[in-house]
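Each remark here refers to the structure printed beneath this line.
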Amino acid sequence: MRLLIVEDDPLLGDALATGLRQLGNVVDWFRDGHQANSALSSAPYDAVVLDLGLPGTDGMVWLERWRSREQTVPVLILTARDGVAQRIAGLDAGADDYLVKPITIDELAARLRAMVRRSAGRAQSVWQHGELEYDPATKLVRWRGATVDLTGLEMTLLEALLKHPQRVLSKTHLQQMIYDWGGGDPSSNSLEVHVHHLRRKIDPAIVRTVRGVGYALGSGEATA
Ligand code: CA
């Protein structure tokens, strides 16, 4: 998952970013809402972790702005404000979940997975596509029942394709899903290399090339 964290506390922000990266996510962390707002307008994210007590503009105001311009990204509020009225206000403003500090990384990661699963219209925790199975919690990939050993980037790429099984995804979009802010060189052919590895490790037909556009998930059935 590519995640956006908005947290002004340097220690907590660093702990969240590091912890979520260690669990295999691509993470951008911003300490103020303005930078996070720009990032959200220019890159695709699977979910946002939003602090409310931010310098300048409050997190609630950012959330209301995003929702009013029909920004549908799932948002989890992570705050010290623990009143019932505050929780209700946060959810009614468009948050998908509300957690009160302190939290553990494991619970935060599980809540994010559940949120992203719901936003992708999936009720099952293991994603199934033909003969392919993917468990976002354990990062376990199985092809025709056998475990497939993928690198972190290959996993992230596969997850991005599985999230939109019916769509052709542009190379730019996929590059944005697998590299964080400032990461990766768009002129390099590393995306092609990762696609090649997925085809070699899973099946040649697992990723379709759509010439001049990008890539799409294949049928999920084995080639011959
Ligand atoms: Ca704060």
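Computed over heavy atoms, backbone and side chain alike; hydrogens, waters and symmetry mates excluded. Every number for a ligand or one of its atoms is a count from 1 in the order of the listing. Treat the numbers as computed from the prediction; the structure is a model and nothing was measured.
Using a 4.0 Å cut-off between charged nitrogen and carboxylate oxygen, Lys163 and Glu159 do not count as a salt-bridge pair.
Take a cut-off of 3.0 Å around the Ca ion (ligand 1): the protein N, O or S atoms inside it are Asp8 OD1, Asp51 OD2, Gly53 O.
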Identify every side-chain donor-acceptor pair in residues 205-220 under 3.5 Å, counting partners at least two apart or on other chains, and give the distances.
{"from": "Thr209", "atom 1": "OG1", "to": "Arg199", "atom 2": "NH2", "distance (Å)": "2.7"}
{"from": "Ser219", "atom 1": "OG", "to": "Glu221", "atom 2": "N", "distance (Å)": "3.0"}

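For Gln128 against Gly130, the heavy-atom pair with the smallest separation is NE2-O, 3.6 Å.
When the side-chain contact (heavy atoms from CB on, under 4.5 Å) test is applied to Thr72, no partner is found at least two apart in sequence or on another chain. In this view, Arg113 satisfies the salt bridge (Lys or Arg N to Asp or Glu O under 4.0 Å) rule with no residue, not counting sequence neighbours.
Checking side-chain atoms of Glu64 against main-chain N and O of Val61 turns up no donor-acceptor pair under 3.5 Å.
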